[in-house]
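Step one of this worksheet: look at the structure below.
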Amino acid sequence: MTVRTRFAPSPTGFLHIGGARTALFSWAFAKRHHGSFILRVEDTDVARSTPEAVQAILDGMHWLGLSYDEGPFYQMQRMPRYKEVLQKMLDEGTAYYCYAGKEELEALRESQMQQGLKPRYDGRWRPEAGKLLPAPPQDAAPVIRFKNPQDGEVVWDDLVKGQIRIANKELDDLIIARADGTPTYNFCVVVDDNDMGITQVIRGDDHVNNTPRQINLLQALGATVPQYAHLSMILGDDGQKLSKRHGAVSVMQYDEEGYLPEAVLNYLARLGWSHGDDEIFSMKQFCAWFDLDHITPSAAQFNTEKLKWLNAHYIKLASDERLVADISKRLAQMGVAVTALPDLSGVIALYKERVHTLNELAESIAYFYKKPEIDAIAAEKHFNQEIKPAMERLLQHLERVEWTAEEIHHAVSEVVAAFALKFPKVAMPLRVMLTGTAQSPSIDQVMCLLGRDEVLARIKAVQL
RNA sequence: GUCCCCAUCGUCUAGAGGCCUAGGACACCUCCCUUUCACGGAGGCGACCGGGGUUCGAAUCCCCGUGGGGACGCCA
């Protein structure tokens, strides 16, 4: 059977890291088995769903390169189909009208909680052979409930967690259509998964409790039950649960912060899944290797340090053209205008092996296009009267030396030798004058890229 | 409260009864490279939640604790 997986977000916010991993795993599983990956937008909560959120999710998936073979399908556009199935269930007696109002149910829940019971619908409107139902109230619009089996248990072999069994006694007759007639989540999922021929449902851990209800629903419809794989959640860097008010960020924020999508993807792939000792791999390799057997059932804590390490790796691998395009944008956002010279490509090549994020890269090369502010501490440490003669001599050399890193290096060396100094004694103040800080790549290469005029100007601008 | 799930270095993980004196990666520490800072290279520190079983043998299987998480909506 052809594998068909789906990612089914509800558009009530951005695509966060947990959702992205769920999507990634579903996507990779489909790829691995040459199947189809379907995107379905679960927007039946009209009050909370927004078109902006739909767009944010689409943007996030696009940035990560998680393309879908079918969809996006929108549940709100499938109403006629849901109504049809609802009617069928009513006709077949697997669903029934319930007139219990919200306040009535609220009171029921409360009393059950007080008795230490699990709050459940007590089946007061559930039709049963020989049972006398109350007369339906005139003015109240009923909800539709699913007639859940009362005995036995639901068992499934979760592809991640192993066999899970839940007694039907623990379940109640869930509402599948609201008083206004709109269907609810569990019902829509079941109809859609069935209609779309989903073979493996790969989703978050928080749906484990919905699974037995969905299996019962599926069976009531005479549908095939798919396989389920429940992924554990991702915790924040601090080990705390990610939530809107704590730590949850859009995947697009990683873009803003200077992470490459392949780094985020590689990191996410390795979070909760493993392939022996492999740490760094492409999506192509991932898709060839991915399986559900090597997913950890326990929750994983996010580790930004490791993401940075991967990001540094992928920055080193990135082509200069790609980095030039990206870094130009970031510099522009910082208000730094990139000029033809110094050559941005050369500057990036000099720095790309030293940084962990693209923002760090942009920030560390800004001084090539904008006079740096001299770091006071560095200046105090390296600027002094005794190097003045050496600097003056160096200036003379630099006026006429052939402008290559090698020749510049010779010039500095000559001055160092002439004044019987150690190399850093000259190189350090030079570095501070030119870059503003005491850390930079090889100073002769920096000078070479900066250009003779700018180098001379920056040295002359400093009062020792 | 009830039900469900989870448990190996600080973190991500390898581990399917003997290959485990528990392996790799990030981080951290030391050294090397060096023109500063990085990068890179070589080392080091560091874990099987506790208790009972089963077995010749358990990180691996079972039970009980403990701890963590999730779910109990006319949300998804």
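By convention in this document, chain letters (A, B, ...) are assigned in the order of the sequence lines, proteins followed by strands, and residues within each chain are numbered from 1.
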Check A:K102 with A:E106, please: is the shortest side-chain N to carboxylate O separation under 4.0 Å? no
N-O pairing of A:D195 and A:R78 below 4.0 Å: yes
Under 3.5 Å donor-acceptor, A:R452 side chain and A:V401 backbone: yes
Closest nucleotide among [options] to the [X] side chain:
| X | options | result |
| --- | --- | --- |
| A:M113 | B:U11, B:G1, B:U35 | B:G1 |
| A:L105 | B:C74, B:C12, B:A76 | B:C74 |
| A:K306 | B:G70, B:G24, B:C74 | B:G24 |
| A:H409 | B:G70, B:C3, B:U35 | B:U35 |

Suppose you measure atom [atom1] in [N] against the same atom in [M]; what distance do you get, rounded to whole Å?
| N | M | atom1 | answer |
| --- | --- | --- | --- |
| B:C26 | B:U66 | C1' | 30 Å |
| B:C75 | B:G68 | P | 32 Å |
| B:A38 | B:C29 | P | 10 Å |
| B:G50 | B:C72 | P | 33 Å |
| B:C20 | B:G41 | P | 26 Å |

Closer to the 5' end of RNA chain B via nearest nucleotide, is it A:I443 or A:A299? A:A299
Any strand is fair game: report the nucleotide pairing with B:C72 by Watson-Crick or G-U wobble, both distances under 3.5 Å, or none. B:G1
State the pairing partner of B:G40; accept Watson-Crick or G-U wobble contacts with both distances under 3.5 Å, and report none otherwise. B:C32
For B:A76, does either OP1 or OP2 sit under 4.0 Å from a side-chain N or O belonging to A:T44? yes
Looking only at side-chain N and O atoms, does A:T296 come under 4.0 Å of OP1 or OP2 in B:U13? yes
Base, sugar-phosphate, or nothing for A:K161, non-hydrogen atoms under 4.0 angstrom? sugar-phosphate
Regarding A:P9, tell me which of base, sugar-phosphate or nothing describes its non-hydrogen contacts under 4.0 Å with the strands shown. nothing
Close N or O pairs between protein and nucleotides 38-45 of chain B (under 3.5 Å):
{"from": "B:A38", "atom 1": "O2'", "to": "A:R354", "atom 2": "O", "distance (Å)": "2.9"}
{"from": "B:A38", "atom 1": "N3", "to": "A:R354", "atom 2": "NH1", "distance (Å)": "3.1"}
{"from": "B:C39", "atom 1": "O4'", "to": "A:E353", "atom 2": "O", "distance (Å)": "3.4"}
{"from": "B:C39", "atom 1": "O3'", "to": "A:K316", "atom 2": "NZ", "distance (Å)": "2.9"}
{"from": "B:G40", "atom 1": "OP1", "to": "A:K316", "atom 2": "NZ", "distance (Å)": "3.1"}

Going by number, which of residues 119-126 of chain A have a non-hydrogen atom under 4.0 Å from RNA chain B? A:P119
